[in-house]
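Have a look at the structure below before the remarks.
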Amino acid sequence: MKLLEYEAKEIFATYGIPVPQSGGVITDVRQLPEALKKAGGGPWVLKAQVLAGGRGKAGGVKIAKTPAEAEAVAKAMVGMKMVTHQTHGKALVVGEVLVNKCSDIKREIYIAVAMDRKGERPVVIASAEGGVAIEELAQSKPEAILKVPLDAVRGIEPYQARGLAFKLGIPAKELGSFVRFATALARIFIDLDASLVEVNPLIVTPEDKLVALDGKIVTDDNALFRQKSLAERPDRESTDLELKAKKVGINYIGLDGDIGCMVNGAGLAMATMDTVALAGGMPANFLDVGGGATADQVTAAFKIILADPKVRAVLVNIFGGIMKCDVIAQGVLEAVKKVELKVPLIVRLEGTNVEQGRDLLKKSGLKLTSAVSLWDAAQKAVSAVTPSAQGGRRRSGDGGPRSAEEAKQ
Ligand code: ADP
Ligand code: MG
């Protein structure tokens, strides 16, 4: 789960980290005068609240000296589409704009706590040369990036924080406030089960005060069960369909292709997507109905897949293990009866009671294509979305399975 800058800064403030005076977020230009007043006298900075960094370089951070300037900026920013170097070419719509008092900057420092998977512990990453070009610095001058491994329970030790302060050139009289700042940052990381807590830039003002001008927090979804306050926050990363799927306990991620996939088990789901791609197609989603899927869940999964207008064929690939294939076939048939199916349906069943399952599908009279192996299913699905080209969009010599045994996997 990613938090927006203003949410991160609210958390920073509760841990005693100095942040700029805030006028709050606005979703409408009419809320601006109130926000400017709350942020104190100008100049102000207006900041697009999207779940991506690199806003400064993409026009998402703008300084306004007068209320009229602020209004012009807010008008352009609320609702604007923004592409930054972190959005992978996708445009994010700016729904909220944060209004902060503008700070005077003497220096910009980078500091973050991240998870060092190799070291199996959190690590503080810092650089005296923070700001909007930190990614370039990491490439061109990796030695300018400092790393301090942390104890996963105790956080940062005072001696570690002092050592960092010296290397970052923190003014001597601010040593105490830097130690408090670094300690709080590590505490937030641990308390929130975060995978990243980042401040870029942490600024030194002309009066030598430290202020967190930007904030980013990424938390671990697997820990949400014990992070009540985080779990209650809106999920901004999921699409409507993904939220629907979550509610009924289905793991679903929307993708760009046109072949809807319904699979039980995450591993089989990934293998199915790979096989569809190998056959020359593009999966429209990742969907795992779970190992013990019920007929109801299968129906819900169908509804979710079919609600995606890109879907032009549905591929069901179910491995009957604990659940028997005939039970699953029954579930698929019930689902197809309940959901209006306008696109070709390809079903591949394997496992316990597979013969009875296939028999049920055959006798049902429903228009569906049965497949005997995953490779067969993937090819049939690809052909279904490209009926004119024989064998679908598959290019020749792209390495399908070499033997019948391999195709069965
Ligand atoms: P991003 O990391 O998405 O580019 P930042 O919040 O870091 O966005 O803002 C980019 C730059 O804008 C900062 O490095 C800083 O120079 C400037 N900036 C951001 N907030 C303020 C502020 N409150 N006062 C003055 N300058 C700011
Ligand atoms: Mg930043």
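Side chains are part of it too, since the values below use all heavy atoms of this structure and drop only hydrogens, waters and symmetry mates. Counting from 1, the numbers follow the sequence of the chain as shown. In each ligand, atom 1 is the first atom listed, and ligand 1 is the first ligand listed.
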With atoms numbered from 1 as shown, which atoms in ligand 1 lie under 4.0 angstrom from a non-hydrogen atom of [X]?
X    : result
V45  : 21 (C), 22 (C), 23 (N)
C102 : 24 (N), 25 (C)
D214 : 1 (P), 2 (O), 5 (P), 6 (O), 7 (O), 8 (O)
G56  : 1 (P), 3 (O), 4 (O)
P201 : 7 (O), 13 (C), 14 (O)
G53  : 3 (O)
E108 : 13 (C), 14 (O), 15 (C), 16 (O)

Which residue and heavy atom of the protein sit nearest [atom], plus the separation:
atom                    : result
atom 10 (C) of ligand 1 : V132 CG1, 3.7 Å
atom 24 (N) of ligand 1 : S103 N, 2.8 Å
atom 21 (C) of ligand 1 : L213 CD1, 3.3 Å
atom 12 (O) of ligand 1 : V61 CG1, 3.6 Å

Quick test of your reading of the model: are [X] and [Y] salt-bridged, counting only N-O distances below 4.0 Å?
X    : Y    : result
R107 : E129 : no
D28  : R30  : yes
R233 : E10  : no
K244 : D240 : no

Distance alone, cut at 3.5 Å: any donor-acceptor contact between the side chains of N100 and K9?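 There is such a pair (donor and acceptor under 3.5 Å, judged by atom type) between the side chains of N100 and K9.
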
Side chains of E135 and Q86, donor plus acceptor under 3.5 Å: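 Yes, side-chain donor-acceptor contact under 3.5 Å.
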
Closest candidate by heavy atom, reference atom 6 (O) of ligand 1, pool K47, Q86, H85, E5: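 Closest candidate by heavy-atom distance is K47.
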
Within-cut-off N or O pair, N100 and ligand 1, under 3.5 Å: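 Such a contact does not occur with ligand 1.
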
Just distances here: any N/O of R55 and N/O of ligand 1 closer than 3.5 Å?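 Looking only at distances, the answer is yes, because the N/O contact criterion of under 3.5 Å is met.
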
Ignoring hydrogens and angles, tell me if any N or O in the side chain of [X] forms a donor-acceptor pair with the backbone of [Y] under 3.5 Å.
X    : Y    : value
T205 : K209 : yes
S127 : G130 : no
E242 : G254 : yes
T87  : V83  : no
Q21  : K38  : yes
Q227 : D191 : yes

What do the steps show when you test E5 against K47 for salt bridge (charged side-chain N to carboxylate O under 4.0 Å, His left out), and what is the final call? CA-CA 9 Å; E5 175 193 2; K47 310 181 80 174; 2.7 Å; yes

Residue-level breakdown please: for T84 versus ligand 1, do any non-hydrogen atoms fall below 4.0 Å on the side chain, on the backbone, on both, or on neither?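 None of T84 does.
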
Once you round to the nearest 0.5 Å, how far does CD1 of I253 lie from CG of N285?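 The CD1 atom of I253 sits 9.5 Å away from the CG atom of N285.
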
Enumerate the protein N/O/S atoms at a distance below 2.8 Å from the Mg ion (ligand 2), ignoring waters.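 Near the Mg ion (ligand 2), the protein supplies N200 O, D214 OD2.
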
What do you reckon, does K101 put a non-hydrogen atom under 4.0 Å from ligand 1?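 A heavy atom of K101 does come that close to ligand 1.
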
